[in-house]
Amino acid sequence: MAVGTESNGVQAIASGADASRSHADIVRLLREGQVIPAMPLALDAERSFSPRHQRAIGRYYAAAGAGGVAVGVHTTQFEIREPRFGLYEPVLAASAEVLLENPRMLRVAGVAGDRADAVAEAELAASLGYEAVLLSPLRHQELADAEMLERARAVAEVLPVIGFYLQEAIGGPRLSPAFWRAFVEIEGVVAVKVAPFDRYRTLDVVDAVLSSGRANDIALYTGNDDNILGDLFTPFATPQGTRWFDGGLLGQWAVGTRAAVRMLDTVRAARQGDAEAAEWVIRAAPQLTAVNAAVFDVANDFRGCIAGVNAILHRQGLLPSALCLAESEVLSPGQWELIDEAHARYPWFGDDEFIHANKDEWLK
């Protein structure tokens, strides 16, 4: 199988790392609340990596107003780390080129594996100019809390860490409230992506952050694609006052990113007491969940979630194909029809006209 790569000059890209923000600036940016899409992987019809299209996706996110991009995460496909593909560094490097052209955007790299692998990936990400890491839990594995915490501390020595509560349906472990209470006390932790797709476990993380001594230094980001607006518009009472989820780091926001930026702006207005905005958020919340059910293939236990994102971006002309590295990762029967129906019912979630008007420039 061809997995073509393109040498981007790691040293040349790394020179852009001088523009990296301080730890305090990263916390401030995250607490301001950002739309952070999870980066898909650009593969052509031969399943070869297309750096040109990878960069085009990044330019789309920048033009859409995203506050950052997360690269090398679940939506980018964990398989990029496998030796037979060898795509982790090429994908991070191609994406870094665009991100370093847009210094306002936070550069987040997904890191995974055991302690040694996660630290090595964080070091590579730092050399390419990334400013923070999204630390994936070890998938389909049992690991003691103490070992997981030590792994996080080691990675935090390299780059600021965003924790990640990954849902069980795609391999995430169940993590205890005690784990999260200890995790948020790690000085290098700057945020948590809360994505268990479970209200009880979501509250475990929220409670750990808000009851910690570092509550003001840790951002809360929803990854619950089934309840995006519900998370963002839920007030949590603390001794210091009301606290909200700050933003979202989402696979769903890999598509319709410009609409997502407008969505977060409307949520902010609703939080400030704008009744019309609040009514819109309440009405739109189940609509967005319905769109996600189609895109993420909920009817088939999320088997087509990455393929669903890819299919939309392929139809819009930003990806050269909808293919994934794993040949088994495809749209489920009837999934595309559900996606089409959802976007026809709720067209405001899509960016079709925006992408059509700009894609040729982004693909240069």
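Computed from a predicted model, the values in this text were never measured in an experiment. Heads up: numbering here begins at 1 and tracks the sequence.
- Distance CH2/Trp253 to CG/Leu288: 8.0 Å, rounded to 0.5 Å.
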Residue pair Ser321, Arg47: steps toward the side-chain contact (heavy atoms from CB on, under 4.5 Å) verdict: CA-CA 8 Å; Ser321 81; Arg47 285 194 169 87; over 6 Å; no
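- Contact of the Val133 side chain with the Ile162 side chain is not registered, since no non-hydrogen atoms from C-beta on lie closer than 4.5 Å.
- To the nearest 0.5 angstrom, Phe233 atom CZ is 5.5 Å from Trp244 atom CH2.
- Rounding to the nearest 0.5 Å gives a distance of 9.0 Å between CG of Leu128 and CG of Leu100.
- Between Arg199 and Asp231 there is a salt bridge, since at least one side-chain N of the basic residue sits less than 4.0 Å from a carboxylate O of the acidic one.
- At a threshold of 4.5 Å between non-hydrogen side-chain atoms, the residues Arg52 and Pro320 do not count as touching.
- Residues in residues 340-360 take part in these ring-ring contact (aromatic ring centres under 6.0 Å, His included) pairs, two or more places apart or across chains: Trp280-Trp348, Phe354-Trp362.
- Following chains of ILVMFWY side-chain contacts shorter than 4.5 Å, one cannot reach Ile306 starting from Ile80, and the two form parts of different hydrophobic clusters.
- Residues forming a side-chain contact (heavy atoms from CB on, under 4.5 Å) with Pro177 (at least two apart in sequence, or on another chain): Arg181, Asp204.
- To the nearest 0.5 angstrom, Phe296 atom CZ is 10.5 Å from Ile339 atom CD1.
- Proximity of a side-chain donor or acceptor of Arg107 to a complementary backbone N or O of Ala125 within less than 3.5 Å is not detected.
- Leu338 and Ile312 end up in different hydrophobic clusters when Ile, Leu, Val, Met, Phe, Trp and Tyr side chains are linked at under 4.5 Å.
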Quick one: side chains of residues 29-40, donor-acceptor pairs under 3.5 Å with protein atoms, not counting sequence neighbours, listed by atom name and distance.
from, atom 1, to, atom 2, distance (Å)
Arg31, NE, Asp246, OD1, 3.0
Arg31, NH1, Asn216, O, 3.1
Gln34, NE2, Leu29, O, 3.0

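- The minimum heavy-atom distance linking Val291 with Gln252 is given by the pair CG1-NE2, 3.9 Å.
- Counting all heavy atoms, side chain and backbone alike, Asn224 lies closest to Asp198 at OD1-N, 4.3 Å.
- Residue pairs meeting the ring-ring contact (aromatic ring centres under 6.0 Å, His included) criterion with at least one member in residues 318-337, sequence neighbours excluded, do not occur.
- A donor-acceptor pair shorter than 3.5 Å cannot be found between the side chains of Thr289 and Asn227.
- At distances below 3.5 Å, not a single donor-acceptor pair connects side-chain atoms of Asp297 with backbone N or O atoms of Ala293.
- When atom types are taken as modelled, the side chain of Arg81 and the backbone of Gly86 share no donor-acceptor pair closer than 3.5 angstrom.
- The distance from atom CD of Gln77 to atom CG of Asn310, rounded to the nearest 0.5 Å, is 6.0 Å.
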For Arg151 and Asp114: C-alpha separation, side-chain torsions, deciding distance, then whether side-chain contact (heavy atoms from CB on, under 4.5 Å) applies. CA-CA 7 Å; Arg151 172 176 172 261; Asp114 62 19; 5.7 Å; no
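- In terms of the side-chain contact (heavy atoms from CB on, under 4.5 Å) criterion, residue partners of Asp25 (sequence neighbours excluded) are, by chain and number, Arg21, Ser22, Arg28.
- Between the Asp44 side chain and the Glu46 main chain, a donor and an acceptor come within less than 3.5 Å of each other.
- Among all heavy-atom pairs drawn from Thr76 and Gly72, the shortest one is OG1-N, 3.0 Å.
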In residues 183-196, what donor-acceptor pairs under 3.5 Å come from side-chain atoms, sequence neighbours left out?
from, atom 1, to, atom 2, distance (Å)
Glu185, OE2, Gly213, N, 3.4
Lys193, NZ, Leu249, O, 3.2

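- Looking only at distances, a side-chain donor or acceptor of Gln335 sits under 3.5 Å from a matching main-chain atom of Ser332.
- Here the shortest heavy-atom pairing between Phe164 and Leu135 reads CB-O, 3.3 Å.
- Residues Glu131 and Leu159 are not in side-chain contact: their nearest non-hydrogen atoms beyond the backbone lie 4.5 Å or more apart.
- Here salt bridge (charged side-chain N to carboxylate O under 4.0 Å, His left out) pairs that include residues 344-364, with residues two or more places apart or in two chains, are Glu361-Lys364.
- Of the possible donor and acceptor atoms, none in the side chain of Glu123 sits under 3.5 Å from a partner among the backbone N and O of Val158.
- A heavy-atom distance below 4.5 Å is found between the side chains of Leu325 and Phe85.
- Remark: side-chain polar atoms of Asn300 are not paired, donor with acceptor, to backbone N or O of Arg303 under 3.5 angstrom.
- The backbone N or O of Ala42 sits nowhere less than 3.5 Å from a side-chain atom of His53 that would complete a donor-acceptor pair.
- Residues satisfying the salt bridge (Lys or Arg N to Asp or Glu O under 4.0 Å) criterion with Asp225, sequence neighbours excluded, are absent altogether.
- Note that CG of Leu319 is 8.5 Å distant from NE2 of His314, once rounded to the nearest 0.5 Å.
- Heavy-atom minimum distance, Leu323 versus Leu43: O-CD1, 3.6 Å.
- Cluster annotation: Tyr165 is connected to Val111 through the hydrophobic network of ILVMFWY side chains, with a link wherever side-chain heavy atoms come within less than 4.5 Å.
- Residues forming a side-chain contact (heavy atoms from CB on, under 4.5 Å) with Leu210 (at least two apart in sequence, or on another chain): Val206, Leu220, Phe236, Thr238, Arg243.
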List, one per line, each side-chain donor-acceptor pair under 3.5 Å for residues 259-267, sequence neighbours excluded.
from, atom 1, to, atom 2, distance (Å)
Asp265, OD1, Arg268, NH1, 2.9
Thr266, OG1, Arg262, O, 3.0

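- Closest non-hydrogen pair, Gly248 versus Tyr221, comes out as N-CD2, 3.3 Å.
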I would like to know whether Tyr130 and Leu99 meet side-chain contact (heavy atoms from CB on, under 4.5 Å); could you show each step before the answer? CA-CA 9 Å; Tyr130 286 85; Leu99 292 171; 4.0 Å; yes
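- Placement of Val298 and Leu250 within a single hydrophobic cluster is found when ILVMFWY residues are connected by side-chain heavy-atom separations under 4.5 Å, directly or transitively.
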Step by step, would you call Val71 with Val108 a side-chain contact (heavy atoms from CB on, under 4.5 Å)? CA-CA 6 Å; Val71 187; Val108 180; over 6 Å; no
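- In terms of hydrophobic clustering, with Ile, Leu, Val, Met, Phe, Trp and Tyr side chains grouped at heavy-atom distances under 4.5 Å, Val98 and Val69 are assigned to different clusters.
- Within the structure, ring-ring contact (aromatic ring centres under 6.0 Å, His included) pairs that include any residue of residues 191-214 comprise Phe197-Phe302 (at least two apart or interchain).
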When the side chains of residues 270-277 are checked against the rest of the protein, which donor-acceptor pairs come out under 3.5 Å, sequence neighbours left out?
from, atom 1, to, atom 2, distance (Å)
Arg271, NE, Leu232, O, 3.1
Arg271, NH2, Leu232, O, 2.8
Arg271, NH2, Phe245, O, 2.6
Asp274, OD1, Glu276, N, 3.1
Asp274, OD1, Ala277, N, 3.0

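- Remark: the backbone N or O of Leu92 is not paired with any side-chain donor or acceptor of Ser95 at under 3.5 angstrom.
- Tyr60 places a side-chain N or O within donor-acceptor distance of the main-chain N or O of Thr257, the cut-off being under 3.5 Å.
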